[in-house]
Enquirer: 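Please see the structure below; I have some questions.
Lettering of chains follows the sequences in order, A, B, ..., and the numbering in each one begins at 1.
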Amino acid sequence: MTTDTQWPLWEVFTQKKQGAPHEHAGSVHAVDKEMALQNARDVYSRRNEAISLWVVPTEAITASTPEDMGSFFDPANDKAYRHPNFFKTPGAKF
Amino acid sequence: MSIKNLTEEELEKRFHDRIEKGEIIEPKDWMPERYRKQLIRMMSQHAHSEVVGMLPEGNWITRAPSLRRKAVLLAKVQDEGGHGLYIYCGTETLGISREEMLDGFLTGKAKYSSIFNYPTLNWADMGAIGWLVDGAAIVNQTVLAKCSYGPYSRAMVRICKEENFHHKQGYEILATMMKGTDAQKQMAQDAINRFWWPSLMMFGPSDKDSPNSGDLLKWKVKLFSNDELRQRFIDRTVPQAENIGIKLPDPLLKWNEAKGHYDHGDINWEEFYNVINGRGPCNKQRMKQRRDAHINGEWVRDAVVAHEEKKKSEKVAA
Ligand SMILES: [Fe+2]
Ligand SMILES: [Fe+2]
């Protein structure tokens with residue numbers, strides 16, 4: 001029916017208010033970064049849901065895989081001493 | 001434990017345990033092929049419905065009775081386009097391309113909600129759609145926001161926030177007309193007479209005839225059956241109708257104290273299947289409008305690509 005391609009995919013991150021982190025909102029298709037930003041605004045911030053937007057080419061993102069879930073995060077498992085409640089501090093108030 | 005050396009059976013068992021525990025499935029997680037397929041079917045149909053849904057209301061933007069109503073309707077229709085986009089991008093995470101989905105849609109292979117194959121004959125229909133059609137959508141989507149697939153559930157959370165505006169603006173249109181002249185009241189009543197039953201059909205076939213429900217319930221994609229959600233919609237809509245003096249066109253609609261629900265008359269399922277299978281009042285027109293829009297937008301998409309290619313070749317030259 002057409003010779004269209006769907007254009008590259010971009011992941012959209014929105015910051016809800018000043019000082020807040022940017023959070024993943026979804027994705028858009030766009031040929032370049034300007035268009036990606038405009039589409040992200042139209043799709044993910046029609047009611048001032050964002051005061052700042054990031055768009056990142058999806059292919060530029062490297063993610064851990066679910067199969068790694070166990071082993072990849074293992075090194076943190078046996079280090080309870082990284083948490084403050086590991087320590088005994090008799091009587092003292094913090 | 002690595003999942004790499006588990007058998008298909010063990011993986012499936014592990015998947016069901018996760019679902020049972022109420023865990024959320026994410027795109028890269030292992031999932032049964034049937035789960036993926038059913039989700040693709042259901043989510044893409046949902047996305048197509050949002051997009052087709054722009055047509056019956058778009059029909060009245062230029063004829064809205066005031067600038068306020070026009071701005072509101074324009075914003076609502078734009079939201080529906082946005083809903084389509086949220087869900088398309090959620091569906092893409094299951095490994096189907098946007099192109100493939102659009103192709104299914106434009107060739108008529110994929111279905112969309114039967115409600116959008118009914119005509120919008122006058123302004124009161126904008127009220128009926130906002131109140132009933134978006135009202136039914138809210139009931140469906142609020143539950144889907146808790147479904148087991150992460151991207152679908154997150155898209156639904158976003159959509160639900162916007163639907164309340166759609167719902168209330170529709171109700172406001174009808175409430176205003178019901179305080180107007182006799183002709184206006186009649187117009188509002190006529191719109192409800194036409195949209196009530198098709199709105200009930202939006203929840204899909206009765207439980208005993210719903211072929212896909214079993215799996216979807218088991219996988220917690222659906223959390224309630226079609227009939228349960230339909231009942232929920234009826235129960236919350238009847239008092240809203242009474243509140244503005246509009247009659248719902250069902251002589252059997254009556255509060256049942258023992259059940260704690262409204263009883264209602266039988267739905268004309270023959271009509272439902274006719275509309276689903278392409279024989280509704282506007283099926284052909286909707287598909288033609290959708291295809292024409294796609295074809296008429298082609299030069300814009302071509303221009304965008306040509307511009308991008310030109311920029312790239314300039315960069316290489318420089
Ligand atoms: Fe919607
Ligand atoms: Fe809506």
Enquirer: Do B/Glu99 and A/His29 have side-chain atoms, one donor and one acceptor, less than 3.5 Å apart?
Expert: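 No - no donor-acceptor pair under 3.5 Å links their side chains.
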Enquirer: Heavy-atom distances under 4.5 Å only: say whether B/Arg154 touches chain A with side chain, backbone, both or neither.
Expert: neither
Enquirer: Give a yes or no on this: more than 12 heavy atoms of other residues, nucleotides or ligands lie within 6.0 Å of atom NZ of B/Lys315.
Expert: no
Enquirer: Can we say B/Glu162 and A/Arg46 salt-bridge, meaning some charged N sits less than 4.0 Å from an Asp/Glu carboxylate O?
Expert: yes
Enquirer: Assess whether atom CG of B/Leu67 is packed by more than 12 heavy atoms of other residues, nucleotides or ligands within 6.0 Å.
Expert: no
Enquirer: Of all the heavy-atom pairs spanning A/Ser64 and B/Lys28, show the shortest one and how long it is.
Expert: O-NZ, 3.8 Å
Enquirer: How long is the gap from CZ on A/Arg47 to CZ on B/Phe165, to the nearest 0.5 Å?
Expert: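 Here the rounded value is 6.0 Å.
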Enquirer: Applying side-chain contact (heavy atoms from CB on, under 4.5 Å) to A/Trp7 and B/Arg301, what does each step give before you reach the verdict?
Expert: CA-CA 10 Å; A/Trp7 304 342; B/Arg301 297 190 297 276; 3.9 Å; yes
Enquirer: Could you check whether atom NZ of B/Lys168 has more than 12 heavy atoms from other residues, nucleotides or ligands sitting under 6.0 Å from it?
Expert: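 No, the 6.0 Å shell around NZ holds no more than 12 heavy atoms from other groups.
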Enquirer: Is the number of heavy atoms from other residues, nucleotides or ligands under 6.0 Å of B/Glu314 CD greater than 12?
Expert: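 Yes, CD of B/Glu314 has more than 12 neighbouring heavy atoms, counting only those of other groups under 6.0 Å.
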Enquirer: I need the A/Trp10 CH2 to B/Cys89 SG distance, nearest 0.5 Å.
Expert: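 Nearest 0.5 Å value for the CH2-SG distance: 15.5 Å.
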Enquirer: Looking only at heavy atoms and a cut-off of under 4.5 Å, which of A/Val28, A/Leu9, A/Asp32 has the most pairs with chain B?
Expert: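 Highest number of heavy-atom pairs under 4.5 Å: A/Asp32.
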Enquirer: What option among B/Glu26, B/Lys311, B/His307, B/Glu92 has the most heavy-atom pairs under 4.5 Å with chain A?
Expert: B/Glu92
Enquirer: Select one option (side chain, backbone, both, neither) describing which atoms of A/Glu34 are under 4.5 Å from chain B's heavy atoms.
Expert: side chain
Enquirer: Report, as yes or no, whether the 6.0 Å neighbourhood of atom NZ on B/Lys218 holds more than 12 heavy atoms from other residues, nucleotides or ligands.
Expert: yes
